[in-house]
Amino acid sequence: MKEKSTYSVNLPQTAFPMKANSAVRELEIQKVWDDTGVYEASLKRREAAPKYVLHDGPPYLSSSKIHIGTALNKVLKDIVTKYKGLKGFYSPYVPGYDSHGLPIENAVLKDVKGGRAALTPVELRQRCRAFALSNLKGQEANFRRLGVWGHWQSPYITLDQHFEAKQVRVFGKMAGKGYLYKGLKSVSWCPNCETALAEAEVEYADHTSNSIYVKFAVDAASKSKLPASVQDKDVAFVIWTTTPWTLPANLGVALHPDFVYEFLQVEDEPHVLVVAESLKNAFLNAAGKAEKAVKVLATALGKELELLECRHPFMDRLSRVINGDHVTAEAGTGCVHTAPGHGPEDFEIGKVYQLGVLSPVDSRGIFTEEAGIFAGQRFDKANPLVVEHLKEKGVLLQHSTFSHSYPHCWRCKKPLIFRATEQWFASVEGFRKRALECIDAVEWLPASGRNRIFNMVENRSDWCISRQRAWGVPIPVFYCKGCHKPLMSEESIEAVAKVFDAEGSDSWWEREPGYFLKDIGCGHCGGKEFDRETDIMDVWFDSGVTHAAVLDERPELRGTPCELYLEGSDQHRGWFQSSLLTSVAVSDRAPYKTVLTHGFVVDESGRKMSKSVGNVVEPDEVIKQYGADVLRLWVASVNYTDDIPIGKNMLAQLADVYRRLRNTARFLLGNLHDFDPARDMVKKESLSSLDRFVLHRLNEVVAEVTRDFDRFEFFKYYQLLQNFCGVDLSAFYFDIVKDRLYTCHPKDESRRAVQTVLTHTLHTLVRLLAPVTPHLAEDIWQHMSEPLRAYFGGQTSVLLTDYPQVNPDFEDKEAGAYWSELIDVRLTVNKALEQARAARSIGSSLEATVVMSFGDKEKADKVRKIEGDLASVFITSGAHISSNGTGKEGLSEPLSTVSEEGLTVAAYRAQGEKCARCWKYTGDVGKDSQYADLCGFCADVVSRL
RNA sequence: GCUCUCGUAGCUCAAUCGGUAGAGCGCUCGCCUGAUAAGCGAGAGGCUGGAGGAUCAUAUCCUUCCGGGGGCACCA
């Protein structure tokens, strides 16, 4: 008679480690992907499939390190492309980089003694290029470490000469359609960056301005046009402004044509003051004259005062009184200081009245000789000087400061000015209607994005595309030396494009115009001598043409429109719009079919991340601590439509979830080490109801998860997957089925049945994981036994498989319904066991036997159908259904009793002896003469081993 | 200033047409020691941002306020 302390059981065996060791393992996996060209292979196998192209919005190369928002964006893109690839689409990803523009130029100039003047444009451009390309290397390394797949060997870069050539051709097409023009306009100007800015580059921020009220005395020659009662007095219009420095450029005083203006005799005030009736009180209060005696000498409508002339308060010229509907009664005096050179509205109204344009500041914001005594002063430094001068002239009624929101440069954050200069514009007006139609043909996710961009495009003014800088693509226009007309014909632009294609855009500065133009002459006078345009294009124009320079140029991307643009929601103003505008102008359609946006990353309490607050989460630190997959899991776990929180607590929790997923896989792998599906798979008919239930659930999960992926709702996938692994598998099925796996004879059908279910589960799970946590999925894939992998298709990488599909064979609604009821019963049983445990009556649940009695006979019959399996489901040594009350049925007093929902469960101490092998308490331990401490079941198994 | 949107347990997310607020994780306590730096069980956590209102009934509809985010306007 044998008696051993341990008998062999079928324990899980796997080399798949419990700990991820991401810092090492993820890199190993990435290396294998790179070395064996898995990305390329994944595309190759989908070559003939329908395409799903996500076109990359280029991150800006001002830094070598990406921040968490960029990481989120790239991971989202990668989840989409990996999913689409697995799902059967041809889904290449060509990453891009935005490499021109001010911030890079400024960053480079910071280290240059003497600034811009110290370098030639080409020298400066070479430094910018080197700077951008070195940052590219850093960003690329960051992206690759995240496990993002793409054409890393051949990304697109806006500074690439072929890109530049294509950009010039797009410019040419727009010019050919008459959508480009050069015009004098009052544009937003950054004196710090020394360039014009587009609307997209302007942001509003609080700013403390001056607030002054200034008298404009009516010129003697105009007095006859005043109301009779004041013709013999000294009359002055009172203007209000927040920018004293613009007064040297004043050329007019604007009144609203329909406002009533009053002529006020104010105590101690030599002039009769003219202000809008509706603003009189506000003005008198502000000017500290509320207590003074005030007499209204006359009234007049704005339109009755039109074309009067005033003396400029300190320059020797006249300032004309004009009418404009832009004058409001919200602030000021109803008399608006008008300087066409320093405000878009002033500019427009000035054009109507032919006031001319004065803009006596240079590109750095310093007054020119035209500004008279202020020449040489910077505009902001001139404010107090102007105020002082006004005081000396006796025309200043009031001076104070106040805080309001004011336009700032979104790059350097400094206040902007308006400056009238000649600029190149894209005439949005020319294709606005079509652009709006195209917006409505696009799917915007979330749907609110449609209104956001629609309103912007509907209301925006023409796009100022010229910049007075060196680091960018030149505006490919020449000016005839004879007639000074611009040359931008199809021919001349193609000539430029050809040279750029061959030499890059440095040639613009290195070569003479004749080198480009050869025999091309001026279209107006036939002249052959040209000057070149010195302005470059707005960087938004660069990235705005990627649809042409990348999607249409790279055969592997199969042209516009692509399926998806996916960027932060700020790109409605930026890239989505610039891409749309150029695409509509040139190709008459949007470059994308769907636009998906995400919000911004904030800390755990919802605050913006900032260095000063110290709440910045760095992607590389997350990766160092947890690995790329945990970071990716974070991306998948949040609803990115709104603000996206991240922080220590969240990451710790995500790491827990990651571990749960990992351990689920480990259990699957370990218990399949001796399973060859080709040989051992059990037919569906031979599976137990419980086994079929799990397959049914698996099917439901696949269906739901697929829906979530298709809607880009990854957080639902995350919830569901976590739930499935934790609840359905680990806490339920695995726990129950361990007994069968471990104690049966390895080849017994009931064990093989479980392994059959585990096989399907593993195969499905590993592929569901692949888009989000590719390293984990690959690690699992590589740890599968050869027979398993062979059965699954033999792919060398999980990323070369097909995404799981709903399997009609697995559908078993009956089992689904049946087991969801039984899970409720199990919950009640657990409570009874827990009470017995709390009373120290039992430890392990196998020490107990439970007896159930149902109030509802139908329910009892239902459960009775698997009475023989109930004990294994509850992991007890026995389980019975009583037909009469709690039914003691020969057992002693219950250890505990729990009643809920028409079910009473009584837990008893299990009868019999504990089997040394399966640990169950049975009445037949030792019955087999061979094994004194084994139950009959185990004795049989052991004898067959 | 106008406007849109969001605000559900510590965290991430659920709650079909309004019908007694759910899950997972975390936490606490306990069990197991044949998934073991694992696994299992139970429990405690929410006046659904606040206040009004319509309704038999509201997290869900209306008003208003507070807070987060966005858009437009603020141009003198």
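Here is the naming used below: chain letters follow the sequence lines, and residue numbers restart at 1 for every chain.
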### Message
Side-chain N or O of A/R660 versus OP1/OP2 of B/rC25: is the shortest distance under 4.0 Å?
### Response
yes

### Query
What residue pairs, at least two apart or across chains, pass salt bridge (Lys or Arg N to Asp or Glu O under 4.0 Å) with a residue in residues 639-650 of chain A?
none

### Query
Do A/K738 and A/D735 meet the salt-bridge criterion of a basic N to acidic O distance under 4.0 Å?
yes

### Query
With sugar-phosphate meaning primed atoms plus P, OP1 and OP2, does A/A731 contact a base, only sugar-phosphate, or nothing at under 4.0 Å between heavy atoms?
sugar-phosphate

### Task
Measure the distance from CG on A/N830 to P on B/rG30 and round it to the nearest whole Å.
19 Å

### Message
Is there, by distance only and without an angle test, a donor paired with an acceptor across the side chain of A/S730 and the base of B/rA35 below 3.5 Å?
### Response
yes

### Task
Remember a base hit wins even if backbone is also touched, and classify A/G843 as base, sugar-phosphate or nothing at under 4.0 Å, heavy atoms.
sugar-phosphate

### Query
Distance from A/I453 atom CD1 to A/S569 atom OG, nearest 0.5 Å?
12.0 Å

#### Entry: B/rA35 OP1/OP2 closer than 4.0 Å to side-chain N/O of A/Y742
yes

### Task
Check whether any side-chain nitrogen or oxygen of A/R452 sits under 4.0 Å from OP1 or OP2 of B/rG71, and answer yes or no.
yes

### Task
Give A/V727 one of three labels, base, sugar-phosphate or nothing, depending on what nucleic acid heavy atoms sit under 4.0 Å from its own.
sugar-phosphate

#### Entry: Partner nucleotide, any strand, of B/rG30 [Watson-Crick/G-U, under 3.5 Å]
B/rC40

### Query
At under 4.0 Å between heavy atoms, what does A/R917 touch on the DNA or RNA strands: base, sugar-phosphate, or nothing?
base

#### Entry: Side-chain N or O of A/R659 closer than 4.0 Å to phosphate OP1/OP2 of B/rA35
no

### Query
Base, sugar-phosphate, or nothing: which does A/T241 touch, judged by heavy atoms less than 4.0 Å apart?
sugar-phosphate

Please produce a list of atom pairs where a protein N or O lies less than 3.5 Å from an N or O of nucleotides 13-16 of chain B.
residue : atom : partner : partner atom : Å
B/rC13  : OP1  : A/N639  : N            : 2.3
B/rC13  : O4'  : A/Q719  : NE2          : 3.2

### Query
Separation of A/L661 atom CG from B/rG24 atom C1', in whole Å?
12 Å

### Task
Looking at every strand, decide which applies to A/K19 at a 4.0 Å heavy-atom threshold: base, sugar-phosphate, or nothing.
nothing

### Query
What's the closest nucleotide to the A/M18 side chain, out of B/rA76, B/rA37, B/rG34?
B/rA37

### Query
Please give, in whole Å, the distance from B/rU12 P to A/L654 CG?
10 Å

### Message
With a 4.0 Å cut-off on N to O distance, would you call A/R909 and A/E847 a salt bridge?
### Response
yes

#### Entry: Atom-to-atom span, CH2 of A/W444 to C1' of B/rU5 - whole angstrom
18 Å

### Message
Using O4'-C1'-N9-C4 for purines and O4'-C1'-N1-C2 for pyrimidines, with syn meaning within 90° of 0, is B/rG50 syn or anti?
### Response
anti

### Query
Quick one: which of B/rA35, B/rA76, B/rA42 gets closest to the side chain of A/K738?
B/rA35

#### Entry: Presence of A/R460 side-chain N/O under 4.0 Å of B/rC72 phosphate oxygens OP1/OP2
no

### Stacked cation flag A/R917 on A/Y742, 6.0 angstrom / 45 deg
no

### Query
NA contact type, A/N663, heavy-atom cut-off 4.0 Å: base, sugar-phosphate, or nothing?
base

### Query
So, A/T241 side chain and A/T243 main chain: donor-acceptor pair closer than 3.5 Å or not?
yes

### Query
Does any nucleotide pair with B/rC11 by Watson-Crick or G-U wobble geometry, both distances under 3.5 Å, and what is it?
B/rG24

### Query
Counting only side-chain N and O atoms of A/T242, is one of them less than 4.0 Å from OP1 or OP2 of B/rA76?
yes

### Residues forming a side chain to side chain donor-acceptor pair (under 3.5 Å) with A/K215, sequence neighbours excluded
A/E269, A/H271

### A/Y718 over B/rG24, stacked by centroid distance under 5.5 Å, angle under 30°
no

### Between B/rU5 (C1') and A/R450 (CZ): distance, integer Å
17 Å

### Query
What nucleic acid atoms does A/F734 come within less than 4.0 Å of, heavy atoms only: base, sugar-phosphate, or nothing?
base

